[in-house]
Amino acid sequence: GAASSEGGFVIGTNTAPDLAINVSHTGSFNQGDAGRTYTIIVTNVGTATSMGKVSVVDTLPGGLTATALTGTDWTMDLGTLTCTRTDPLAAGAAYPPISLTVTVATNAPLSVTNMTIVSGGGDANAANNAATDATTITPSGVPDLAITVTHPTGFTQGDTADAYTIVVANVGTAPAFGPITVTDFLPAGLVATGLSGSGWTPDLGGLTWTRSDSLPAGSAFPAI
């Protein structure tokens with residue numbers, strides 16, 4: 001690097017490698033997909049050539065399974081999702097990209113984050129050694145909310161504590177997302193005196209119940 005003299009001494013400019021990492025994905029991820037890919041790139045953003053072994057370790061989130069790991073001149077270990085190499089990387093240059101291929105579980109969460117870390121090479125700045133890629137996963141099916149309402153037999157004129165039971169179920173093939181609202185329409189002759197239901201927010205005046213949580217396929221909310 002450049003040097004200057006001061007008071008008879010030569011002062012050199014400090015130089016050091018600085019490895020930075022980035023991870024990104026291509027295409028849309030859907031539940032049940034195979035062959036989806038993350039791309040990992042290691043760049044030397046420092047002012048000196050890297051020296052020694054460089055390692056990249058990826059940590060996949062639940063719902064994703066690695067099926068292939070490739071990259072020119074990288075040594076790969078698919079079991080540990082580790083990539084290594086020992087050739088120097090000049091300042092301002094990048095190693096050949098790493099491709100990580102995954103399958104997506106049929107019940108994978110609808111939002112996951114992949115994380116990857118680089119180390120070694122004489123890196124002088126740990127602040128940019130990790131990267132994440134938030135990934136949205138589209139449900140493989142569609143939600144289908146169904147509702148049933150039942151009552152015990154024996155309503156009698158003048159009763160004050162008779163009740164209806166309402167159940168909301170998701171009979172579709174993908175999660176349903178809130179807010180979800182149930183509205184009841186009582187016939188003439190009946191007057192609502194109370195609403196209940198675990199996790200539901202009731203409105204007695206409007207005869208409505210609402211909730212904001214999701215409902216997995218094949219399941220039902222607590223009864224109203």
**Student:** Are the side chain of T136 and the backbone of S111 linked by a donor-acceptor contact shorter than 3.5 Å?
**Tutor:** no
**Student:** Compare every heavy atom of A66 with every heavy atom of L78, then report the nearest pair and how far apart it is.
**Tutor:** CD1-CB, 3.9 Å
**Student:** Quick check: do W209 and D184 have side-chain heavy atoms less than 4.5 Å from each other?
**Tutor:** yes
**Student:** Does D144 offer a backbone N or O that forms a donor-acceptor pair with the side chain of N170 under 3.5 Å?
**Tutor:** yes
**Student:** Drop me the distance from L60's CG to T116's OG1, to the nearest 0.5 angstrom.
**Tutor:** 9.5 Å
**Student:** Mind listing the closest non-hydrogen atom pair of P152 and A163 along with its distance?
**Tutor:** CD-O, 3.2 Å
**Student:** State, yes or no, whether a side-chain contact exists between T80 and V57 at a heavy-atom distance under 4.5 Å.
**Tutor:** no
**Student:** Test side-chain contact (heavy atoms from CB on, under 4.5 Å) on V56 and W74 and set out the steps.
**Tutor:** CA-CA 10 Å; V56 172; W74 287 94; 3.9 Å; yes
**Student:** Under a 4.5 Å cut-off applied to non-hydrogen side-chain atoms, are P61 and T113 in contact?
**Tutor:** no
**Student:** Given the rule that I, L, V, M, F, W and Y join up when any side-chain heavy atoms are under 4.5 Å apart, are I137 and V102 in one cluster?
**Tutor:** yes
**Student:** Determine yes or no for a side-chain-to-main-chain donor-acceptor pair under 3.5 angstrom, with T101 supplying the side chain and T67 the backbone.
**Tutor:** no
**Student:** Output the distance between atom CD1 (I40) and atom CG (L69), rounded to the nearest 0.5 Å.
**Tutor:** 7.0 Å
**Student:** Would you give the length of the straight line joining atom CG of D18 to atom CG of N125, rounded to the nearest 0.5 angstrom?
**Tutor:** 4.5 Å
**Student:** Measuring only between side-chain heavy atoms, which start at C-beta, is L110 closer than 4.5 Å to Q31?
**Tutor:** yes
**Student:** Which atom names give the shortest non-hydrogen contact between P222 and R211, and what distance separates them?
**Tutor:** CD-NH1, 3.7 Å
**Student:** Taking side chain as C-beta onward, heavy atoms only, is L186 less than 4.5 Å from V191?
**Tutor:** no
**Student:** Same hydrophobic cluster for F29 and V112, using side-chain heavy-atom links shorter than 4.5 Å among ILVMFWY?
**Tutor:** yes
**Student:** Going by heavy atoms in the side chains, are R36 and N30 under 4.5 Å from each other?
**Tutor:** yes
**Student:** Has the side chain of D159 got a donor or acceptor atom that lies under 3.5 Å from a matching backbone atom of A161?
**Tutor:** no
**Student:** Using modelled atom types and a 3.5 Å cut-off, is there a donor and acceptor pairing between side-chain atoms of D33 and backbone atoms of V104?
**Tutor:** no
**Student:** So how far is it from L89 CG to T49 OG1, rounded to the nearest 0.5 Å?
**Tutor:** 7.5 Å
**Student:** Test L195 against L207 for side-chain contact (heavy atoms from CB on, under 4.5 Å), laying out the working first.
**Tutor:** CA-CA 8 Å; L195 305 181; L207 283 186; 3.9 Å; yes
**Student:** Can you confirm whether the side chains of T135 and Y38 place a donor and an acceptor under 3.5 Å from each other?
**Tutor:** yes
**Student:** Grab the two heavy atoms, one from Y95 and one from D87, that are nearest each other, plus how far apart they are.
**Tutor:** OH-O, 2.6 Å
**Student:** Applying side-chain hydrogen bond (donor to acceptor under 3.5 Å, both in side chains) between N114 and each of D133, T59, D58, report the one that passes.
**Tutor:** D58
**Student:** Closest heavy-atom contact between S50 and P88?
**Tutor:** O-CB, 3.2 Å
**Student:** Group every Ile, Leu, Val, Met, Phe, Trp and Tyr by side-chain heavy-atom contacts under 4.5 Å, then state whether L204 and V149 land in the same group.
**Tutor:** yes
**Student:** Can you measure from CD1 (I224) to OG1 (T165) and round to the nearest 0.5 angstrom?
**Tutor:** 10.0 Å
**Student:** Could you see if F221 belongs to whatever hydrophobic cluster contains I147? Use Ile, Leu, Val, Met, Phe, Trp, Tyr and a side-chain cutoff under 4.5 Å.
**Tutor:** yes
**Student:** Under 4.5 Å between any side-chain heavy atoms of V182 and W200, yes or no?
**Tutor:** yes
**Student:** Membership question, hydrophobic clusters at under 4.5 Å side-chain separation (ILVMFWY): are I98 and V23 in the same one?
**Tutor:** yes
**Student:** Which pair of non-hydrogen atoms, one from A94 and one from T43, has the smallest distance, and what is that distance?
**Tutor:** CB-OG1, 3.7 Å
**Student:** Measuring from H25:NE2 to T37:OG1, what's the distance to the nearest 0.5 Å?
**Tutor:** 11.0 Å
**Student:** Do K53 and T84 come close enough that some side-chain heavy atom pair is under 4.5 Å?
**Tutor:** yes
